[in-house]
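Heads up: numbering here begins at 1 and tracks the sequence.
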Amino acid sequence: MADIEIYSTAVCPYCVAAKNLLKAKGLTWRERRIDADASARREMLERAPDVRTVPQIFINGVHVGGFDQLAAAERSGKLNELLQAAP
């Protein structure tokens, strides 16, 4: 199973959309709430230094980006490639 991490906040419609897309594919993930955990915010900024928005999604250690990038990866077939890559 793929290792999926999502950095999110409590009130974020794009975070919900990303989780719904992953759920529809039968996937599970670990969620890191940056609004509730300062260390999670720092970690997100270290891993994706050029972003300031949520969600930020990582699959098997690869930075996918936000919901728009996740949805584009799903449409192009890239998401399935990422999910099958060895962690």
**Q** Any heavy-atom pair between the side chains of Leu79 and Ile59 that's under 4.5 Å?
**A**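 Heavy-atom side-chain distance check passes, below 4.5 Å.
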**Q** I need the minimum non-hydrogen distance between Pro49 and Glu46, along with the two atoms involved.
**A**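 The answer is CD-O, 3.7 Å.
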**Q** Kindly give the heavy-atom pair with the smallest separation between Val62 and Leu82, and that separation in Å.
**A**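 The answer is CG1-CD2, 3.9 Å.
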**Q** According to salt bridge (Lys or Arg N to Asp or Glu O under 4.0 Å), does anything in residues 13-28 pair up with another residue at least two apart or in another chain? List the pairs.
**A**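 Sorted result for residues 13-28: Lys19-Glu31, Lys25-Glu74.
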**Q** Tell me, do Gln56 and Arg47 make a side-chain contact under 4.5 Å, heavy atoms counted?
**A**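 When only atoms from C-beta onward are counted, Arg47 and Gln56 do not touch, as no gap falls below 4.5 Å.
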**Q** Does Phe58 sit in a hydrophobic cluster with other residues, and if so which ones, taking ILVMFWY side chains as linked at heavy-atom separations under 4.5 Å, directly or through other members?
**A**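 Traced through the cluster, Phe58 reaches Tyr7, Ile34, Met44, Leu45, Val54.
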**Q** So, Asp35 side chain and Thr9 main chain: donor-acceptor pair closer than 3.5 Å or not?
**A**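 Such a contact is absent between Asp35 side chain and Thr9 backbone.
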**Q** Could you tell me which non-hydrogen atom of Ala18 sits nearest to which non-hydrogen atom of Ile57, and how far apart they are?
**A**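 The answer is CB-CD1, 3.8 Å.
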**Q** To the nearest 0.5 Å, what is the distance between CG (Leu22) and CG (Leu83)?
**A**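 Between Leu22 CG and Leu83 CG, I get 8.0 Å after rounding to 0.5 Å.
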**Q** What's the shortest heavy-atom distance between Ala40 and Arg33, and which atoms?
**A**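 Reported closest heavy-atom pair: CB-O, 4.0 Å.
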**Q** What distance do Thr28 atom OG1 and Arg30 atom CZ have between them, rounded to the nearest 0.5 Å?
**A**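 Between atom OG1 of Thr28 and atom CZ of Arg30 there are 9.5 Å.
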**Q** What's the separation between atom CZ in Phe67 and atom SG in Cys15, rounded to the nearest 0.5 Å?
**A**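 Rounded to the nearest 0.5 Å, the CZ-SG separation comes out at 11.0 Å.
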